[in-house]
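Order of listing sets the numbers, starting from 1, for every ligand and every atom in it. Heads up: numbering here begins at 1 and tracks the sequence. Bear in mind the structure is a predicted one, so any value in this text is a computation, not a measurement.
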Amino acid sequence: MKTQVLDEHQIDIAAAILKDGGVVGIPTETVYGLAADALNGEAVAKIFQAKGRPMDNPLIVHVAAFDDIERFRLVREIPDSAKLLAKAFWPGPLTMIMKRTDVIPSEVSAGLDTVAIRFPSHPVAQAVIRAADTPLAAPSANLSGSPSPTTARHVLNDMDGRIDAVLDGGASAVGVESTVITLATEVPCVLRPGGITVEELREVLGEVEVDDAVLHRLAEGAVAASPGMKYKHYAPKANVLLIKGSDEAYIDYVNAHAADDVCALCCDEDLLLLRTKTVSLGRRNDYLTHARHLFDCLRRIDENKTIRTVYSRLPSTEGVGLAVYNRLIRAAGFEVIDLETV
Ligand code: AMP
Ligand code: MG
């Protein structure tokens with residue numbers, strides 16, 4: 001199967017493929033999604049096949065309006081917390097988990113009694129959901145385990161020949177996946193950090209917990225609240241090592257380990273000080289820009305096939321920094337070199 005590349009004026013073609021049970025890569029403001037009709041289990045199964053995604057990892061259902069949740073009877077009851085959050089952050093990079101109805105095929109919910117729902121802000125994503133006239137199930141459009149795609153070219157690199165089409169809507173503005181919050185527990189709990197910060201969520205809801213798996217390796221035998229959390233994820237082929245320490249200590253450490261197969265994932269301010277290959281996430285404290293560039297940087301490192309080791313600073317856990325931290329700590333398999341204790 002040849003994958004068609006569509007431009008943003010060809011939404012009707014993408015919608016026709018989706019209505020027909022096909023799979024299309026679509027732009028969203030977070031990352032590119034691999035979309036299929038969320039109410040068609042057979043179509044959704046093709047997403048898992050194309051990605052090589054474990055079947056026990058549920059998908060996010062994308063709608064084009066808050067009212068779509070009721071219109072398609074996706075959930076048993078809409079909690080007040082969902083209304084408040086939608087008012088504050090939808091459309092946008094926030095996914096809410098609620099108790100599902102039987103309208104949701106088991107392929108989407110992966111056997112759970114809940115469903116994750118998001119209303120993206122990207123105009124092309126909204127237009128294609130509306131034109132398909134059905135909610136779209138869409139995980140990130142990468143091969144399972146590799147860095148998420150933030151451009152149509154990234155999608156093609158992973159999915160050419162595996163999906164029907166990709167719709168090009170430019171580079172994703174947020175660059176990391178949506179924040180996932182469950183409203184199916186007594187206290188709302190963040191299962192994955194993303195574009196909407198924990199601080200922002202607390203301003204609207206008051207008490208919000210953060211699942212342990214956001215920051216730490218899941219204990220042996222523990223059940224993940226969000227099944228995606230248990231998989232090694234976001235990793236480039238090179239080995240990522242995270243360094244904890246001052247800016248000077250990071251630079252000294254990397255320079256002491258400089259070699260042809262080493263690359264530093266760094267900030268603009270480091271570029272003149274590092275004596276090795278570099279890929280910059282942006283200016284030092286600009287976490288929004290780091291998030292936007294993260295996956296493209298990891299993919300660029302992979303394109304240079306000689307690189308075996310990537311040194312990065314341990315990111316801040318403040319604001320959107322937490323989303324970058326969460327992705328990089330997984331890419332690094334939770335290994336951190338702590339220069340403060342050696
Ligand atoms: P992706 O689709 O690649 O952005 O990943 C979606 C994330 O949301 C994964 O970590 C899933 O495990 C998680 N997720 C989706 N639906 C649910 C659900 N019903 N309950 C808990 N986590 C979910
Ligand atoms: Mg993903």
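When heavy-atom distances to ligand 1 are checked against a 4.0 Å cut-off, Arg192 comes that close only through its side chain, counted from C-beta outward. Counting heavy atoms under 4.0 Å from ligand 1, residue Ile97 touches it through the side chain alone. The side chain of Asn57, and not its backbone, has at least one atom closer than 4.0 Å to an atom of ligand 1 (non-hydrogen atoms only; side chain from C-beta on). The part of Arg53 lying near ligand 1 is the side chain, judged by heavy-atom distances below 4.0 Å. Using a 4.0 Å cut-off between heavy atoms, Ser148 makes no contact with ligand 1 at all.
In this comparison of Gly33, Pro139, Ala213, Pro58, the heavy atom closest to atom 2 (O) of ligand 1 sits on Pro139.
The nearest N, O or S atom of Ser148 is not closer to the Mg ion (ligand 2) than 2.8 Å.
Classification of the His257-Tyr253 ring pair by plane angle, with boundaries at 30° and 60°, yields parallel.
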Please list, one pair per line, the donor and acceptor atoms closer than 3.5 Å that link side chains of residues 96-107 to other protein atoms, with sequence neighbours excluded.
from	atom 1	to	atom 2	distance (Å)
Lys99	NZ	Asp113	OD2	3.4
Arg100	NE	Ser109	OG	3.4
Arg100	NE	Leu112	O	2.8
Arg100	NH2	Leu112	O	3.4
Thr101	OG1	Arg73	O	2.6
Thr101	OG1	Leu74	O	3.4
Thr101	OG1	Val103	N	3.2

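Those atoms of ligand 1 that come under 4.0 Å of a heavy atom in Thr114, given as number and element, are 18 (C), 19 (N), 20 (N). The atoms of ligand 1 that sit less than 4.0 Å from any heavy atom of Leu112 are 18 (C), 19 (N), 20 (N). Remark: ligand 1 atoms within the under-4.0 Å shell around heavy atoms of Ala225 are 21 (C).
Grouping Ile, Leu, Val, Met, Phe, Trp and Tyr residues whose side-chain heavy atoms lie under 4.5 Å apart, directly or via other members, places Ile13 in a hydrophobic cluster with Leu6, Ile11, Ile17, Leu18, Val24, Ile26, Val124, Val128, Ile129, Leu136, Leu167.
Residue contacts with ligand 1 leave out Ser109, since none of its heavy atoms falls under 4.0 Å from the ligand.
At a threshold of 4.0 Å, the pair Lys83-Asp80 counts as salt-bridged, since one of the basic side-chain nitrogens sits closer than that to a carboxylate oxygen. In summary, Arg118 and Glu29 engage in a salt bridge, as defined by a charged side-chain N under 4.0 Å from a carboxylate O. A salt bridge is defined here as a Lys NZ or Arg NE, NH1 or NH2 lying under 4.0 Å from an Asp or Glu carboxylate O, and Arg284 with Asp247 meets this definition. Ion pairing between Glu303 and Arg153 holds under the 4.0 Å rule for side-chain N and carboxylate O.
In Glu269, the CD atom is crowded: over 12 heavy atoms of neighbouring residues, nucleotides or ligands sit closer than 6.0 Å.
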